[in-house]
Visitor: 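Quick one: the structure is below, questions incoming.
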Amino acid sequence: MRVAETIGALCVTLLGITTIALARQLPYEAEYGPGPGFLPLWLGVTLVVLSVFLVRNALQERASVAPADAEADHSQGFWQFAPGAFAPWLIFFVSTLAVSLLLERLGFALSIGLFMLVTMRWVARQSWLPTIILALATPILLYLAFVRILMVPLPLAPPGF
Amino acid sequence: MDLLQNLANGFSVALTPTNIFFAFVGVLAGQIIGVLPGIGSVVGISLLLPLTFGMDPTSAIIMLAGIYYGSQYGGTITSVLINMPGEAATVATTLDGYQMARQGRAAKALGIATIGSFIAGTFGVVVVTLLSPTLAEFALRFGPPEYFALILLGFTAIGAVAGSSLVKGLTSVTVGLLISTIGLDIMSGRPRFTFGEDWLLSGFSFIVVAIGVFGIGEALDGMMTPAGHPIIRTSLSWRESLPSAAEWIRSRGAIVRGGLVGTLVGVLPGAGSTLASFMAYSVERNASKHPEEFGKGAIEGVAAPESANNAASASAMIPLLTLGVPGSGTTAVLLGGFLLWGLRPGPLLFTQHPEFAWGLIASMYIGNVMLVVLNIFANPIFAAMLWIPYAIQVAFVVLFAVVGAYSLSNNPFDVVVMIAFGVLGFAMKRLDYSAAGLILGLVLGPLAEKSLRQSLTLSRGDWSIFFERPVSAVLMVLAIAVLLWPLVRKALIRRAGLPGAGDDVQYTGGEE
């Protein structure tokens, strides 16, 4: 976690510096008072100042961990998974990305049905029967609830579903 | 008399069949959201907010507020039966609630939690009823400096109590503020940070950000450790949940004290029901004649925090309704809802939209009665929901998040942006940065910037304007005091020679 903390703090520094650089291109003052660049500039400065404390805290944490504890500390890191949880997490993450990107191309029914099929079978580790029932029933229920009852338009595939 | 007349009008709005239906849907959804571990009120409200666009705003707020206070009831079931809070505000309940369940007294724990929640929650609503009009009238005198000082106090307060450190909390708020500056400048109309892209001119929709940060972020984090928790099997019939005379005598003081602490803390910006429940637990342990029993199944250890979190969820509506300044992530999302429905919460809400404000307040009385009935008679059904595997729960969170983000403007790009903020929310969660702070900064950013720039325009750039007016001076001093408090606390602990951890209870759970 110590490395991740340091990287996170440095990201804040980078964000702050970038904000200052971009805000300097905006007018700091306007005719009537502070201009559009006023707040962003100060937010950038605030982020840089805060990041100094964040980096310091992260480095102090690193220094305070004895070498013997380093391995234990590492195990409680940013990517600490429960035993056997990494593969389902990865499948879940990729499925979430896929359903987001394919929603309009495949239509909501097919993309959500596929998402449920994959997550129920390989993430929730359900047997095939409940997996197929959920993969078929979920898009139908969502269609009835959102499209028919709540009148929320969802992307439909060419067959109209 | 005006008050009673307004309240009566509010009841006439809340008691229409449509609004009773939506109040019931809200408290039921809140109860379920509270029961499911890892899906808190803020996630639930973020996910369901897009569905309320076509609804009447009064019905919509009645439903969403029902989710908020309903989830405080529901979270207790998981705290007691599996030692895993369904809500951040019910973490303190696990300390004695789970011990009571292990002793075969789960029904009693849930029973006293329900009774305490109802009494204190109703007390909180009474305070909302009495205090809101007065505070709204007082807030009419607020100018830009007062508003800016109040928002600054909210930012520093949430920075201080959310996340693992003040610095991280403030960083989250600052990033939220920065995101709010993307798009057209509110005063000059000049584009900022849009990089020539038209789709960035209107900035990021706060709902897309909230759904991503809370919904997807929590789901990705929770899936790293999705292991189930053993559920204590026990009878939860309503007869067994009623406390005995001795248990009632032990609990009644805790309910009163918890209700008072919760109401008071709920009004404070940045505090919220989680802090209220911990403070009530701590107060109760200090006030108890049997402090040694706390942590071992003391019924007061359940009654106090449960009373406090419900009272706080009610009184948290006061700053939101009267000042338009939310104190927590959940009320920040509610504020975003107000803006989407075309309403501006604040002092004028009670005069311009009385049916909305009083209808909401009246519905909170009705919702609390519904929740008591639900909790006494339907707890076995809600407890059965704990058997749903976590992976299935989060799969549905993703589905609601995707559909919700898409339905905002029928734009698939919103879904991609939501996922990107989900990854940011995941990283923030892992590194213990406050997602609630980010959302509060994002939602209040435009008002904060407008107030700041108007104040400095009024004073011709002189910052002393914030200290020359009495109300803004007090608020600014409080904001600075909150910033300095960690240093003062450290110095006091060092002087007294105490170990660093000064708090009675360590909390590392989610946010509200």
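Each chain gets a letter, A, B and so on, in the order the sequences are listed, and its residues count up from 1.
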Visitor: Looking only at heavy atoms and a cut-off of under 4.5 Å, which of S407(B), A391(B), A395(B) has the most pairs with chain A?
Guide: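 Ranked by contacts with chain A, first place is A395(B).
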
Visitor: Tell me the closest heavy-atom pair linking P50(B) and G404(B), and the distance in Å.
Guide: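 Heavy atoms of P50(B) and G404(B) come nearest at CB-O, 3.5 Å.
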
Visitor: Going by atom types only, do S409(B) and D414(B) share a side-chain donor-acceptor pair under 3.5 Å?
Guide: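 A donor-acceptor contact under 3.5 Å links the two side chains.
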
Visitor: Quick check on L101(A) against chain B: is it the side chain, the backbone, both or neither that has a heavy atom closer than 4.5 Å?
Guide: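 Contact with chain B is through the side chain of L101(A) alone.
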
Visitor: Please identify, among G461(B), A427(B), G422(B), the residue contributing the most non-hydrogen atom pairs under 4.5 Å to chain A.
Guide: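 Most heavy-atom pairs under 4.5 Å with chain A: A427(B).
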
Visitor: To check you understand the geometry: which heavy-atom pair defines the closest contact between F155(B) and G441(B), and what is its length?
Guide: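 For F155(B) and G441(B), the tightest heavy-atom pair comes out as CE2-CA, 3.8 Å.
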
Visitor: Should we count CZ of R24(A) as having more than 12 external heavy atoms under 6.0 Å?
Guide: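 Counting other residues, nucleotides and ligands, CZ of R24(A) stays at 12 neighbours or fewer.
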
Visitor: What are the two closest non-hydrogen atoms of I158(B) and V173(B), and how far apart are they?
Guide: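 Distance-wise, the nearest heavy atoms are CG2-CG2, 3.7 Å.
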
Visitor: With chain B, which of V123(A), L134(A), L47(A) has the greatest number of heavy-atom pairs at distances under 4.5 Å?
Guide: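 Option with the top pair count is L47(A).
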
Visitor: Let's test your reading of the structure: which of L456(B), V416(B), L178(B) forms the most heavy-atom pairs below 4.5 Å with chain A?
Guide: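 Of the candidates given, the most pairs with chain A belong to L178(B).
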
Visitor: Below 4.5 Å from any heavy atom of chain B, which atoms of V12(A) appear? Answer side chain, backbone, both or neither.
Guide: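 Interface part for V12(A): side chain.
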
Visitor: With only heavy atoms counted, which part of E29(A) is less than 4.5 Å from chain B, the side chain, the backbone, both or neither?
Guide: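 Contact with chain B: none, neither part.
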
Visitor: Of the backbone (N, CA, C, O) and the side chain (C-beta and beyond), which part of V423(B) lies under 4.5 Å from a heavy atom of chain A, both, or neither?
Guide: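 Just the side chain, heavy atoms under 4.5 Å.
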
Visitor: Check each atom of V398(B) against the heavy atoms of chain A and say whether the ones under 4.5 Å are side chain, backbone, both or neither.
Guide: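 Contact with chain A involves the side chain of V398(B) alone.
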
Visitor: Does atom OH of Y28(A) have more than 12 heavy-atom neighbours from other groups under 6.0 Å away?
Guide: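 Correct, the count exceeds 12.
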
Visitor: Checking I216(B) against chain A: side chain, backbone, both or neither under 4.5 Å from a heavy atom?
Guide: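 The side chain, not the backbone.
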
Visitor: Determine the option with the most heavy-atom pairs under 4.5 angstrom with chain A, choosing from L170(B), L399(B), V175(B), T181(B).
Guide: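 Option with the top pair count is L399(B).
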
Visitor: Report which part of R190(B) has an atom under 4.5 Å of a heavy atom belonging to chain A: side chain, backbone, both, or neither.
Guide: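 Looking at R190(B), just its side chain touches chain A.
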
Visitor: Highest number of heavy-atom pairs under 4.5 Å with chain B: which of Q126(A), E104(A), Q25(A)?
Guide: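 Looking at each of Q126(A), E104(A), Q25(A) in turn, E104(A) comes out on top.
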
Visitor: Okay, side chain of Q393(B), backbone of I388(B): is any donor-acceptor separation there less than 3.5 Å?
Guide: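 The answer is yes, because a donor-acceptor pair under 3.5 Å joins these two groups.
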
Visitor: For L220(B), is it the side chain, the backbone, both, or neither that has a heavy atom closer than 4.5 Å to a heavy atom of chain A?
Guide: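 Contact with chain A: backbone and side chain both.
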
Visitor: Which one wins on heavy-atom pair count under 4.5 Å against chain A: R453(B), M187(B), E449(B), M428(B)?
Guide: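 It is R453(B).
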
Visitor: Taking every non-hydrogen pair under 4.5 Å, which of M418(B), Q454(B), R192(B), M55(B) racks up the most with chain A?
Guide: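 Heavy-atom pair counts peak at R192(B).
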
Visitor: Looking at every non-hydrogen atom in both residues, tell me the closest pair between S51(A) and A9(A) and how far apart they are.
Guide: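 Scanning both residues, the minimum pair turns out to be CB-O, 3.7 Å.
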
Visitor: Between F413(B) and chain A, which part of the residue has a heavy atom less than 4.5 Å away: side chain, backbone, both or neither?
Guide: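 Interface part for F413(B): neither.
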
Visitor: Report, as yes or no, whether the 6.0 Å neighbourhood of atom CD on E197(B) holds more than 12 heavy atoms from other residues, nucleotides or ligands.
Guide: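 Atom CD in E197(B) is packed in, count exceeds 12.
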
Visitor: What part of L103(A) gets closer than 4.5 Å to chain B, counting heavy atoms only: side chain, backbone, both or neither?
Guide: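 Contact with chain B: side chain only.
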
Visitor: Can you give me the closest heavy-atom contact between V213(B) and A435(B), atom names plus distance?
Guide: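 For V213(B) and A435(B), the tightest heavy-atom pair comes out as CG1-CB, 3.4 Å.
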
Visitor: If we define contacts as heavy-atom pairs under 4.5 Å, which of T19(A), V99(A), L97(A) has the most with chain B?
Guide: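 Highest number of pairs under 4.5 Å: T19(A).
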
Visitor: Side chain, backbone, both or neither: which part of T119(A) has a heavy atom under 4.5 Å from chain B?
Guide: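 Only the side chain of T119(A) comes within 4.5 Å of chain B.
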
Visitor: Please lay out, stage by stage, how K168(B) and D432(B) fare under the test salt bridge (charged side-chain N to carboxylate O under 4.0 Å, His left out).
Guide: CA-CA 8 Å; K168(B) 285 185 175 178; D432(B) 213 0; 5.8 Å; no

Visitor: Tell me, for S95(A) versus chain B, whether the close heavy atoms (under 4.5 Å) come from the side chain, the backbone, both or neither.
Guide: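 Neither part, no heavy atoms under 4.5 Å.
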
Visitor: Determine which residues belonging to residues 34-43 of chain A lie within contact range of chain B, meaning some heavy atom pair is under 4.5 Å apart, and list them by number or answer 'none'.
Guide: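 So the qualifying residues are P34(A), G35(A), P36(A), F38(A), L39(A), P40(A), L43(A).
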
Visitor: Would W122(A) and F115(A) count as a close aromatic pair, with their ring centres under 6.0 Å?
Guide: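 Ring centres of F115(A) and W122(A) not closer than 6.0 Å.
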
Visitor: May I ask you to check whether W89(A) and Y390(B) place their ring centres under 6.0 Å from each other?
Guide: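 No: the rings miss the under 6.0 Å criterion.
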
Visitor: Picking from I207(B), L200(B), V208(B), what satisfies side chain to side chain contact (heavy atoms under 4.5 Å, CB included) with F204(B)?
Guide: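 With F204(B) as partner, I207(B), L200(B), V208(B) yield a single side chain to side chain contact (heavy atoms under 4.5 Å, CB included), made by L200(B).
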
Visitor: Check the orientation of F86(A) and F81(A). Use parallel for under 30°, tilted for 30 to 60°, and perpendicular for over 60°.
Guide: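 Ring orientation of F86(A) relative to F81(A): perpendicular.
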
Visitor: Where does I392(B) contact chain A at under 4.5 Å (heavy atoms): side chain, backbone, both or neither?
Guide: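 Contact with chain A involves both backbone and side-chain atoms of I392(B).
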
Visitor: Hey, which of G44(A), P83(A), P27(A) has the most heavy atom pairs under 4.5 Å with chain B?
Guide: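 The answer is P27(A).
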
Visitor: Do the ring centers of Y406(B) and F108(A) come within less than 6.0 Å of each other?
Guide: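 Y406(B) vs F108(A): aromatic centres not under 6.0 Å.
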
Visitor: Do S434(B) and S172(B) pass the side chain to side chain donor-acceptor pair (under 3.5 Å) test, and can you show the C-alpha distance, the side-chain angles, and the key distance before you say yes or no?
Guide: CA-CA 6 Å; S434(B) 164; S172(B) 302; 4.9 Å; no

Visitor: For K450(B) and D185(B): C-alpha separation, side-chain torsions, deciding distance, then whether salt bridge (charged side-chain N to carboxylate O under 4.0 Å, His left out) applies.
Guide: CA-CA 10 Å; K450(B) 196 170 132 194; D185(B) 173 34; over 6 Å; no

Visitor: Between G84(A), A85(A), S100(A), A23(A), which shows the greatest number of heavy-atom pairs under 4.5 Å with chain B?
Guide: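 Answer, by heavy-atom pair count under 4.5 Å with chain B: S100(A).
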
